[in-house]
Participant: 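First, the structure itself, so that you have it in front of you.
Predicted, not measured: the structure shown is a model, and the values here were computed from it. Here is how names work: the chains are called A, B, and so on, in the same order as the sequence lines, proteins then strands, and each is numbered from 1.
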Amino acid sequence: MAAQNIQSVPTAVEPSRASRLPRALVALTIATALALAVGLYMALVYAGMESTQGNVQRIFYIHMPSFFGAFLAFSATVVGGGMYLRTRQTKWDVLALAGVEVGLMLSLVNLATGSIWARPIWNTWWTWDPRLTSAAIMGLTYMAYLMLRAGIENPEQRRRFASVYGILAISTVIMTLIIIRIRPDTIHPAPIGGSPQDAQGDFNLTPSMVTALLTNLPIWGLLVPITLMWWRIRLENLRERVDSLKIRLMEK
Amino acid sequence: MKTPFFKAVIAIVRKDMQAELRSRELLSSMGMFALLSILIFSFALQLDIVARQEVVGGVLWVTVVFASILGLNRSMATEREGSSFDALLLAPVDRAAVFFGKLGGNFIFTLTVGVLLLPLMSLLYNIVLLNGYLLATLTLGTLGFSITGTLLATMTVQTRARESLLPILMLPIALPVLLASVNASSGILRAAPLGDWFAWLQILGAVDVIYLALCYLLFGYVIEE
């Protein structure tokens, strides 16, 4: 009986195949790193300098695209949550969790770059503008998601509740997106379409600026979140395997 | 043989009403909290008449949302303690009927506290809050809190952290409801023209409908055991 168990361990967990790095992931990571370098070049060198704000305006090429990256990651959480509730396959919950963590990181990039830009332009690091407040609450919602996960011991129940909350939480992301259109007292500029009346630090995009923005948008909005989420999913799968191996060892 | 949907909903609401009439546990704690809250606000903010007009809407909504969290926690905890939730799940009723039943109870209790606050606040803050539009805003806003709160409280009561987790989960989700309610009520209290704030009331109604559909769809997943 014991001998059978020992033999069954390596075949059941297949250590060689699962821990090997997938080639596509390596390729994607290298591509993302190169693209980030190109994006930085476009933002810092290629794009023309904004006449009133100067160099600090270049932060915008990362500030806005990183929000769209967060949006993509949080949308992945909705898809992962919905599919988990439908199929009850763990992999969908892993996708949802990866989406939350990567999305949180990108919202932090978004908040930090916004803060650095606001210091010279608005003369403050932070202000209780509707959009800033909404973006901060969006971050807190996803931190609450992580707290909810930490508060449930039963793994099946944890996945189920997290899926439900992950779907509801997208409302704060949508809220952050549309708030500058419905709250006229915001000072946050709207780069697409007309800015609100009180917008401070608005600027008109010249062709070279548009090119720099359009290069950075898919980099931060697609490549970065997808690459990071893939790594996070891999990490979670490995962690789960370590856990199951530990349980097997303890059972003996 | 399943009990018809509306009969089941009404039965659950009646059960909550009856339990409340006998214990008076929920309304007394929510009412006491709300009363203390508006007194503390009036001391803490040292309000003069102009400032009062600006912030009274905010004070009202903060009080209502915290009172509703208090009530939701209590109402779900009693279900849990008495194991009556398990009985509800065993009963041959639709899961959605359980949702609407609990929602109905929570909504009625929170609205009662909110409506009682209006004359009291009119008295203490010396601003007339008894207004049809404000009542409509209060109803829609309270409904929004009850919808999200009923779903989330059913979840948190099953976790380790219980009571402490509900406000953390609920406040960000209820933010759209809170934002629309506060804006609509400040407009009403400033006696601004209808066109200035009526859109907020429409947004509030739309948010309620979206949350109601979403929470109704998701509720089945938080009570399966």
Side-chain angles (χ1 to χ4, degrees), chain A residues 74 78 81-88 92-93 104 107 128 130-131 133-154 156-186, chain B residues 58 99 144 147-180 182-184 186-187 196-197 199-204 206-225:
Chain A
F74 292 142
V78 175
M83 287 305 287
Y84 176 77
L85 291 176
R86 231 158 199 267
T87 64
R88 301 300 156 112
W92 291 112
D93 179 61
L104 256 180
S107 346
W128 292 109
R131 176 167 252 185
T133 311
S134 171
I137 286 173
M138 178 183 98
L140 289 176
T141 315
Y142 286 96
M143 282 184 213
Y145 172 95
L146 296 176
M147 283 185 75
L148 174 70
R149 289 192 82 102
I152 306 170
E153 267 151 47
N154 176 354
E156 190 274 331
Q157 194 185 39
R158 176 169 58 224
R159 290 187 206 113
R160 201 152 39 86
F161 284 12
S163 301
V164 168
Y165 196 70
I167 293 171
L168 271 183
I170 197 78
S171 58
T172 59
V173 183
I174 296 167
M175 179 89 174
T176 308
L177 266 176
I178 61 169
I179 198 161
I180 51 170
R181 320 280 171 187
I182 59 171
R183 276 285 295 252
D185 55 337
T186 185
Chain B
F99 174 68
I147 291 166
T148 49
T150 303
L151 176 78
L152 293 173
T154 314
M155 261 162 65
T156 53
V157 78
Q158 300 176 56
T159 65
R160 220 179 336 156
R162 303 231 165 147
E163 277 82 4
S164 57
L165 207 52
L166 181 62
I168 295 170
L169 293 188
M170 187 181 148
L171 287 175
I173 301 292
L175 181 77
V177 179
L178 194 70
L179 180 86
V182 169
N183 278 291
S186 329
D196 281 10
W197 51 263
W200 286 111
L201 214 57
Q202 290 169 324
I203 291 174
L204 185 57
V207 170
D208 277 1
V209 171
I210 293 169
Y211 274 162
L212 188 66
L214 208 57
C215 292
Y216 155 73
L217 288 174
L218 292 171
F219 189 74
Y221 296 111
V222 303
I223 52 166
E224 54 187 50
E225 260 169 81

Participant: Checking B:Leu217 against chain A: side chain, backbone, both or neither under 4.5 Å from a heavy atom?
Facilitator: neither

Participant: Chain A: which of B:Leu214, B:Thr156, B:Ile203, B:Asn183 shares the most heavy-atom pairs with it under 4.5 Å?
Facilitator: B:Asn183

Participant: For B:Trp197, does the CH2 atom sit with more than 12 other heavy atoms under 6.0 Å from it, leaving out its own atoms?
Facilitator: yes

Participant: State the CE-CD1 distance between B:Met155 and A:Ile152, to the nearest 0.5 angstrom.
Facilitator: 6.5 Å

Participant: Among residues at least two apart in sequence or on other chains, which ones pass salt bridge (charged side-chain N to carboxylate O under 4.0 Å, His left out) with A:Glu156?
Facilitator: A:Arg88, A:Arg160

Participant: Need one label for B:Leu179: side chain, backbone, both or neither, based on atoms under 4.5 Å from any heavy atom in chain A.
Facilitator: side chain

Participant: Please flag which part of B:Leu151 lies under 4.5 Å from any non-hydrogen atom of chain A: side chain, backbone, both or neither.
Facilitator: side chain

Participant: May I ask you to name which of B:Ile210, B:Ile173, B:Leu171, B:Leu152 has the most heavy-atom pairs under 4.5 Å with chain A?
Facilitator: B:Ile173

Participant: Could you state the interatomic distance from OG1 (A:Thr176) to CG (B:Leu175), rounded to the nearest 0.5 Å?
Facilitator: 8.5 Å

Participant: Just give me the residue among A:Leu140, A:Asn154, A:Ile137 that pairs up with chain B most often, heavy atom to heavy atom, under 4.5 Å.
Facilitator: A:Ile137

Participant: Nearest heavy-atom pair of A:Gly151 and B:Thr159: which atoms, and what distance?
Facilitator: O-CB, 3.7 Å

Participant: Sequence neighbours left out, cut at 3.5 Å: what donor-acceptor pairs do the side chains of residues 165-174 of chain A make with other protein atoms?
Facilitator:
| from | atom 1 | to | atom 2 | distance (Å) |
| --- | --- | --- | --- | --- |
| A:Tyr165 | OH | B:Leu169 | O | 2.7 |
| A:Ser171 | OG | A:Leu168 | O | 2.8 |
| A:Ser171 | OG | B:Tyr211 | OH | 2.9 |
| A:Thr172 | OG1 | A:Ala169 | O | 2.8 |

Participant: Which atom names give the shortest non-hydrogen contact between B:Tyr221 and A:Phe161, and what distance separates them?
Facilitator: O-CE1, 4.5 Å

Participant: Do you know the tightest heavy-atom contact between B:Arg160 and A:Ala150?
Facilitator: NH2-O, 2.8 Å

Participant: Is B:Leu218 in contact with chain A via its backbone, its side chain, both, or neither, using a 4.5 Å heavy-atom distance?
Facilitator: both

